[in-house]
*Asks:* 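Can you keep this structure in mind? I'll have questions shortly.
As the structure is a computational prediction, the values presented were derived from the model and not from experiment. By convention in this document, chain letters (A, B, ...) are assigned in the order of the sequence lines, proteins followed by strands, and residues within each chain are numbered from 1.
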Amino acid sequence: MAERYDHKSIEGRWVKQWEDDDLYRSKVDWSKPKHYALTMLPYPSGDLHIGHWFAMTPSDARARYMRMKGYNVLFPMGFDAFGLPAEQAAISRNIHPWKWTYANIERMRGQLRSMGTMFDWQREAISCTPEYYHWTEWFFKRFYDNGLAYRGEALVNWSPTLQTVLANEQVIDGKDERTGQPVIQKLMTQWFFKITQYADELLDFSKLDWPEPVKIMQTNWIGRSEGARVTFRTERGESIEVFTTRPDTLWGATFMVLAPEHPLVEAITSDAQREAVQAYQSAAARATEIERLSEDREKTGVFTGGYVINPVNDERIPIWVADYVMISYGTGAIMAVPAHDQRDFEFARKFDLAVRVVIQPEGENLDGATMPEAVPGSGVMVNSGRFNGTPSNGEKGRKNPAISAVIDWLAEQGIGSESVNYRLRDWLISRQRYWGSPIPMIYRQDGTMEPVAEVDLPVELPSDVEFMPTGRSPLTYHEPFLNTVDSQGNPARRETDTMDTFMCSSWYQYRYLSPDFAHGPFAPEEAAYWLPVDVYTGGAEHATMHLLYTRFFAKAMRDLGMFDDAAAIMQQHGRSPNALFDEPMLALRNQGQVLGAERIGDFIVATGEFDETGKLFASHVEVIDSAAAPTSVENGIAGELMRRVENVLSIDYNGEWVTVEVLPDAEVIIPAIEGVNRVEQLKHHLDIQRMSKSKGNVVNPDELVSQYGADSVRAYLMFAFDWEKGGPWDPKGIQGVIRWINDIWDMVTAGAPAGPSNPAAERVIRRKLHQAIEKVSNGLERFSFNTSVAALMTLRNDIKTVLRDGGVGSAVWHEVMNGMLRLMAPFAPFVAEELWACLGFPYSIHQQDWPAYDPAIAAEDEVELVIQINGKVRDKIVVPADISEEDAKAAALATEGAQRFMEGQTPKKVIYIRARYMVNIVI
RNA sequence: GGGGGAGUGGCGGAAUUGGCAGACGCGCAUGACUUAGGAUCAUGUGGAGAAAUCCGUGCGGGUUCGAGUCCCGCCUUCCCCA
């Protein structure tokens, strides 16, 4: 008897063997078709968690499949290594971000190797190395030189106490998450990329095989709206421009609203209103944008005392300030048409402003004074001077005759023009942080600025820095970094902002091509062969930001000629570069999220003394069997432990949560755990939710791998979930794949069966193999990994059945094992390699071809014909697979089940579905 | 608030996209083997019913010979928001 399956004795050995042999080294080879498979690179937080395994190992399985299908596959890995956590570790634990990050990367590399992935480590890229951020800076400079980077004002989270800017994730409920100090919204000068210049092109998804939801989210994010810009004039002569998608309602504007940050607010505010307006402005600064945009929030605002003339009817209307208007959207000013816009309506009703109907819906007679809500739909223009009677059909932009006519008239009159507005704003890349790529700009003494010369790149981050507990970037007080000279040799100051880490991840797919290339971000020879990325996998949470940014990068790089060399080389090799550089990733697939498992808390009886509030101070706590739970306890309670914070328990006592404080000298009894028990050993209830350390529901992949082996963990992750959906982790379910792998091990190591061969049995076993080839391949193509593994398990079951009945000779047995192991190789690369070697097939299984599917071998001789009466199954018979439609219908009508339900009636219709071998008799 | 998903046995999930609902696995049950079992093997497993059969894909309508799948209206829940 061969030895039992032991993952520990094989996995480490093959990792080393594969590395020694450079098995996964990917090199340009124009004689083979290429496949660039990319999976989102991790942030080096310290430990690989199960989510990384869930994201990466199925992607790896698919990359392996593509390789066996004959593609030259590039499947690289790296680290997105700049970012806030490293800086926070530096502040709280006094470790330099560099050291912290590198230690984490070292650790994670080891973990990544244990996964059995085919990453080509010679292409690893780490975004926080000077070799990498040299080119991040270079991109900035090129964008700046070409007008794609500029300085502008933006609202930032400003902590007045710390005198520093905070990232969005550092602000919770308008307060600094660490210190609890209030945070306000403040306008500051920041660096931007002109992503809006590409807004229209970014709306074009025609070249992309991307999930529909991602395309919809990006479309909404960009938020293109067509309308008009109209210029209003104040009584004192200032002009205020507004953007509106509904110029057909201009005659219904009864007031104007400016964002609190609008630059004209100060000028138009009357002295009487000044105090109120200023108070309102500072209150608005404390609200976040999400709060301000919330529609169910009570509308607030204040009258400025100023008036503006509506240019379409010369009416004098009041100007208000309200925070539901954003300075960053449109022009920061709106004409308010309360009759036809719900937000304006609520505002008007609250402050008792006029409501005038200008679009009368057909068959209705709306009255501004009494209508209960805004009516935004279609109708006929009224109260609109010369436009009265024009139909407004509810369509947007030029498709609406009313809007179209008004736009033309506005242009004629010179008071407005057709305009397109986007919700998308330019990409704010400034971060007031240390641990990011420096922005290579220099401020001269005269106040002008210039980019750092290309030969002086990269501007390196100084390493001798001290972190202040305020969180202020050390670059702002690091004199040697700050002081430099401009191109003329005059003293100058460096920019201290660093770049958003989304910058680094917008172009990493190019750095992987040639991580050591010193003459540019990537080598054109590599880019010509590998680009673009064929399939990109990662989390759906990146649907808008990261994926829009990287698309913007690709388009900007194309327009700045950065792909020209690659395109020329591509052409030399006879491949057309046409449209290949418009988009960075042709196909995209998102995996879901692995959630924490649900767990029932310990059932507890606690006794002690209650205080007057009903809180129990327990001197005795005992875990019992929930079936034996008493409904009432003298001087105590019994129920499931729902939560525990140190020694304070929350117990579900007959539906009510009771707080129990366990006294320090209390007796704790947990029968399942030997010895003296502690409160900390009690298990509390866990809901299905995201894994996090604080919830205590984290699954540690290292432990799983050491216990069950990487093959089992990989296969289980692929088997247990719909990959694009994810779901709760079930710790028991892994038994199924462990049994499967053990079965395969035992089956192969047992060797070919002795005894005579029987052609019928051999035909069956080969048929099952080929049916599996079809299903496994199909699952991999569709990222439906669970059905692929299920097909492999079905194959296992079928082979076991056939082998038990006997009749399979050695040659066919070897053929079937050979095919099955190759099908397994993407999912369980270690055990497949080991068993492959064990059968004496040539090394390595991962360099073999994918098994070829032969439909003739897979075809069944006989099939089951399903007979339905009015869509309900009434009988089933076995018929030859090549049965004709006439024969199938005749056989169906003759069945006992059909006869019984037809009761002698003549069928109205008989429908035959050949693909399903199904007859439906309609009576 | 806005945007995007998802609801199928006790559980994770299948269903060739309009064609036998529940593949595969977990769990559970019964039996076998064993000094022992959180091992292994066999059989069964959506619900009701003795059976014929009926009911079943979040809820309510609709289209169709036929609906988990398409349409209309709800409910619940998860994710994202510079």
Side-chain angles (χ1 to χ4, degrees), chain A residues 4 154-156 167-168 190 192 195 211-221 223 288-297 324 328 343 423-429 500 502 539-546 548-549 590 592-593 595 597-598 688-690 715-716 719-740 742-743 746 774-775 778-779 782 784 786-797 800 804 864-876 900 907-923:
Chain A
R4 291 205 49 77
L155 283 175
V156 295
N168 281 317
Q190 308 269 297
F192 292 87
I195 188 170
E212 214 53 43
V214 174
K215 294 192 277 187
I216 293 169
M217 276 192 266
Q218 293 206 347
T219 302
N220 291 334
W221 190 264
T288 67
E289 196 153 313
I290 290 172
E291 285 165 7
R292 284 172 60 173
L293 285 167
S294 165
E295 273 178 23
D296 57 0
R297 181 162 167 260
Y324 75 95
S328 43
R343 286 174 310 173
R423 203 185 76 99
L424 179 74
R425 295 170 223 164
D426 277 336
W427 176 11
L428 196 170
I429 60 149
D500 180 7
F502 277 124
E541 64 275 17
H542 293 111
T544 44
M545 295 160 60
H546 164 60
L548 267 180
Y549 296 150
N590 296 125
Q593 216 169 24
L595 304 171
E598 183 171 30
I688 293 170
Q689 53 187 343
R690 284 174 89 139
Y716 180 51
F719 176 66
F721 309 91
D722 170 354
W723 185 70
E724 304 198 64
K725 193 170 136 210
W729 174 261
D730 174 5
K732 285 185 189 154
I734 196 169
Q735 273 311 324
V737 291
I738 290 167
R739 284 181 193 136
W740 169 59
N742 272 304
D743 279 353
D746 293 343
E774 206 265 330
K775 288 206 175 83
N778 191 261
R782 295 184 299 132
S784 175
N786 50 352
T787 57
S788 289
V789 178
L792 284 164
M793 288 180 175
T794 307
L795 178 61
R796 174 264 319 254
N797 296 342
K800 277 175 87 166
R804 192 173 49 204
E864 198 172 54
L865 183 71
V866 175
I867 296 103
Q868 295 185 339
I869 307 289
N870 290 341
K872 291 201 172 189
V873 179
R874 295 306 183 189
D875 214 335
K876 291 178 181 181
R900 188 150 41 90
K908 289 195 190 112
K909 212 196 300 187
V910 179
I911 298 159
Y912 179 55
I913 310 296
R914 189 186 153 77
R916 299 301 172 116
Y917 288 109
M918 196 191 74
V919 177
N920 189 16
I921 301 165
V922 185
I923 55 172

*Asks:* Considering only nitrogen or oxygen atoms on both sides, find all protein atoms under 3.5 Å from nucleotides 64-72 of chain B and state each distance.
*Replies:*
{"residue": "B:C65", "atom": "O2", "partner": "A:N920", "partner atom": "ND2", "Å": "2.5"}

*Asks:* Take the protein atom NZ of A:K725 and the nucleotide atom C1' of B:U77, then report the distance between them rounded to whole Å.
*Replies:*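 Those two atoms, NZ and C1', are 12 Å apart.
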
*Asks:* List in chain and number order the residues that pass salt bridge (Lys or Arg N to Asp or Glu O under 4.0 Å) with A:K876, two or more places apart in sequence or in another chain; answer none if no residue qualifies.
*Replies:*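 A:K876: no salt bridge (Lys or Arg N to Asp or Glu O under 4.0 Å) contacts found.
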
*Asks:* Quick one: which of B:G12, B:C20, B:C81 gets closest to the side chain of A:F721?
*Replies:*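 Side chain of A:F721 sits closest to B:G12.
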
*Asks:* For each nucleotide in nucleotides 43-55 of chain B, reading 5' to 3', give B when a protein heavy atom comes within less than 4.0 Å of its base, S when such contact involves only the sugar-phosphate, and - otherwise.
*Replies:* ---------SSSS

*Asks:* Taking only Watson-Crick and G-U wobble pairs with both distances under 3.5 Å, what dot-bracket line describes RNA chain B, where [ ] shows pairs that cross earlier ones and | shows pairs with another strand?
*Replies:* (((((((..(((......[....)))((((((.......))))))(((....)))..(((((..]....)))))))))))).

*Asks:* Under the salt bridge (Lys or Arg N to Asp or Glu O under 4.0 Å) test, which residues partner A:R874, sequence neighbours left out?
*Replies:*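 Partners of A:R874 under the salt bridge (Lys or Arg N to Asp or Glu O under 4.0 Å) test: none.
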
*Asks:* Distances under 3.5 Å between protein N/O atoms and the N/O atoms of nucleotides 22-28 of chain B, please, pair by pair.
*Replies:*
{"residue": "B:G25", "atom": "OP1", "partner": "A:R796", "partner atom": "NH2", "Å": "3.1"}
{"residue": "B:G25", "atom": "OP1", "partner": "A:N797", "partner atom": "ND2", "Å": "3.0"}
{"residue": "B:C26", "atom": "OP1", "partner": "A:R739", "partner atom": "NH1", "Å": "2.2"}

*Asks:* Between A:W427 and A:I195, which heavy-atom pair has the shortest distance, and what is it?
*Replies:*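 Reported closest heavy-atom pair: N-CG2, 3.6 Å.
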
*Asks:* From the options B:G12, B:C81, B:G19, select the nucleotide whose nearest atom is closest to the side chain of A:I913.
*Replies:*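 Nearest to the side chain of A:I913 among the choices is B:G19.
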
*Asks:* Given B:A82, B:G3, B:A15, identify the nucleotide with an atom nearest to the side chain of A:R782.
*Replies:*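 Closest of the options to the side chain of A:R782: B:A15.
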
*Asks:* Would you mind classifying the nucleic acid contact of A:M918 as base, sugar-phosphate or nothing, using non-hydrogen atoms under 4.0 angstrom?
*Replies:*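 Base contact.
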
